[in-house]
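Every chain is numbered from 1 and lettered A, B, ... according to where its sequence line falls, protein lines coming before strand lines.
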2 protein chains.
Amino acid sequence: MQSLTGLEGCDFNETERAAENTCGLVHSCGFHARNCICSELRAAFNADLPKGVNRFALASGQEIEPETLPNSPVIGVLTGSVGIVAHLSDGRRTITGLFFPGDYINLASLNRQLNGAITALAPSAVQVMEQPVFENLLRLSSLTRDHFMDQMNSLLFQLLDHSNDLAKKTPIERIAAFLFELKNRTLPRKSTQFNTVAIPFGRRDIADYLGLQPETVSRGFTTLTTEGVINLPEADLVTIQDVHRLRQIANGGRPRKRGV
Amino acid sequence: MQSLTGLEGCDFNETERAAENTCGLVHSCGFHARNCICSELRAAFNADLPKGVNRFALASGQEIEPETLPNSPVIGVLTGSVGIVAHLSDGRRTITGLFFPGDYINLASLNRQLNGAITALAPSAVQVMEQPVFENLLRLSSLTRDHFMDQMNSLLFQLLDHSNDLAKKTPIERIAAFLFELKNRTLPRKSTQFNTVAIPFGRRDIADYLGLQPETVSRGFTTLTTEGVINLPEADLVTIQDVHRLRQIANGGRPRKRGV
DNA sequence: CGCGCGCTTGAGCCCATTCAATCACTGTGG
DNA sequence: CCACAGTGATTGAATGGGCTCAAGCGCGCG
């Protein structure tokens, strides 16, 4: 586990980050998308960070090889963005899954293993729960059970939608859909406006997530900008000018060949 | 629910189909991929088909609109192949998810809804469990809980792999990967040989699942055939001649541009 | 048989990729 | 303070591959 830098306590700024959490607790459990289960964790184990639960700060680009983790744990994302990065034999890179604060990755699977490395796409913090602890928590708290089922199902539907994007959408449509995905999945920062989406990582990662080349992503953004659908004051900040049109595009409003 | 044809009992040939199930029971629960939970269902409710659990036969192409089902049920696939079919505004068609006997689709999600229609890609049979019944079953049987968690996680990893296929693989690579997916996910029929894969639906559906055009799929199959990697004695039957090479291809061994 | 349907094969054309250059920005050291 | 390299985003030009349109073929069915 040399790639993991253990934290003495938590050296990422918790109070600053707490604002990003729905639950608002300083000691976030990482599972705070809808229902916060911090209190459940505390009630079950009488501690905010019981034995078998550890937190790590990950630098941008830092990887966790699933095989190196003990007890096939559950990994919760606290802050930042985490992706599952797979490589083909000739080096092509794909981000198959995207995880934001509140999402979790369950590495416990009897019959199937995860392809790819868990990679921080931006400075991130994760919480690693060893499988026995996790199972205990599930057994003790029905609220947690429900939350997890829901969260898992939600992620599943998300992936189905993403498959839809990758399968038949044109580059611009994919980008439009991606913006909505970000809007839905990431919590809006207080400082930003309504229709503003912060893009949490670079063009290359966007491209690898959308099945495109970085250049194509760049071109897509400029096209959407010149058409007045979006604005990008900075490379990692998008303001949506015409939500209706953008939604139209995301839903197939920009086919390859204009219908004859 | 006019699109559903209710069954008086079960008019699909159970004894014939039972051979396809791991559990081998005549009354298959539809959740028999690894562990059979038929006995759990029976123990919990004292019946093979408790109230709130119904079976339906679906003709090829027949759809179930998720919205028309009561109590956001859990749907288990008993026989055949079921897909989630989504359409873009201009008619482009995508099969975002693929479900085989033993898989299930959980429509209970508080925060997110399923995009697309549940569609039988071949003559199929499904089991619809209303949510309350399902929850009861989960509550009563820890074995079922474990099985479901595992099944869900497995499906999730499957989808991640599929995203990898769609994002960066060339058509031929996708087809190769698809063959392995079929090989892994569908139970081999007794009558067939070792390295034989039965393709359970047509080119169009394959194309919509792999994000290609039917013509491209066809071309891909012929290319693989002429290269001696596979044989296709019939349009829906593939025998793998060179497993090693096919795996190589599925893993990125056929880039767009041969390395200069 | 004729018809329909689905799979296969062929020809031409967009358009995303590829290769390459430029630009914007950051941090480092002289 | 500027020069410099390094990184990432953007823009440009040319290519090739998958899509589109279309025809041919094989098979089951009325």
Under-3.5 Å donor-acceptor pair between B/R219 side chain and D/dT20 base: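 By the distance-only test, yes, there is a pair.
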
Return yes if the base of D/dC27 and the side-chain atoms of B/E234 contain a donor-acceptor N/O pair under 3.5 Å, otherwise no.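 In this structure, the two groups form no donor-acceptor pair.
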
Please work out if A/G211 contacts a base, only the sugar-phosphate, or nothing of the nucleic acid, heavy-atom cut-off 4.0 Å. sugar-phosphate

Is B/P171 touching bases, backbone alone, or none of the nucleic acid, heavy atoms closer than 4.0 Å? sugar-phosphate

Taking atom [atom2] of [N] as reference, at what distance in whole Å does atom [atom1] of [X] sit?
{"X": "A/D208", "N": "D/dG8", "atom1": "CG", "atom2": "P", "answer": "13 Å"}
{"X": "B/I172", "N": "D/dG18", "atom1": "CD1", "atom2": "C1'", "answer": "12 Å"}
{"X": "B/Q213", "N": "C/dG10", "atom1": "CD", "atom2": "P", "answer": "19 Å"}
{"X": "B/L212", "N": "D/dC19", "atom1": "CG", "atom2": "P", "answer": "6 Å"}
{"X": "A/D90", "N": "C/dT18", "atom1": "CG", "atom2": "C1'", "answer": "14 Å"}
{"X": "B/D205", "N": "C/dC5", "atom1": "CG", "atom2": "P", "answer": "16 Å"}
{"X": "B/I199", "N": "C/dC7", "atom1": "CD1", "atom2": "C1'", "answer": "12 Å"}
{"X": "A/L232", "N": "C/dA24", "atom1": "CG", "atom2": "P", "answer": "15 Å"}

Closest listed nucleotide, where the reference is the side chain of [X] and the choices are [options]:
{"X": "B/R203", "options": "C/dT18, D/dT10, C/dC7", "value": "C/dC7"}
{"X": "B/T216", "options": "D/dT10, C/dA16, D/dC19", "value": "D/dC19"}
{"X": "A/A235", "options": "D/dA9, D/dC19, C/dT8", "value": "D/dA9"}
{"X": "B/S218", "options": "D/dA9, C/dT8, D/dG18", "value": "C/dT8"}
{"X": "B/E215", "options": "D/dA9, D/dG18, D/dA22", "value": "D/dA22"}

Kindly say if A/T222 contacts the phosphate of D/dT11, meaning a side-chain N or O under 4.0 Å from OP1 or OP2.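 For D/dT11, OP1 or OP2 has a side-chain N or O of A/T222 closer than 4.0 Å.
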
Should B/R204 be listed as having a side-chain N or O under 4.0 Å from OP1 or OP2 of C/dC5? no

Would you indicate whether the side-chain heavy atoms of [Y] and [X] approach each other to under 4.5 Å?
{"X": "B/P255", "Y": "A/R92", "result": "yes"}
{"X": "B/N115", "Y": "A/N164", "result": "no"}
{"X": "A/I84", "Y": "A/T119", "result": "no"}

What class does the angle between the rings of B/Y209 and B/H162 fall in, given that below 30° is parallel, 30 to 60° is tilted and above 60° is perpendicular? parallel

Is it true that A/D208 and B/K168 make a salt bridge, defined as a side-chain N closer than 4.0 Å to a carboxylate O? yes

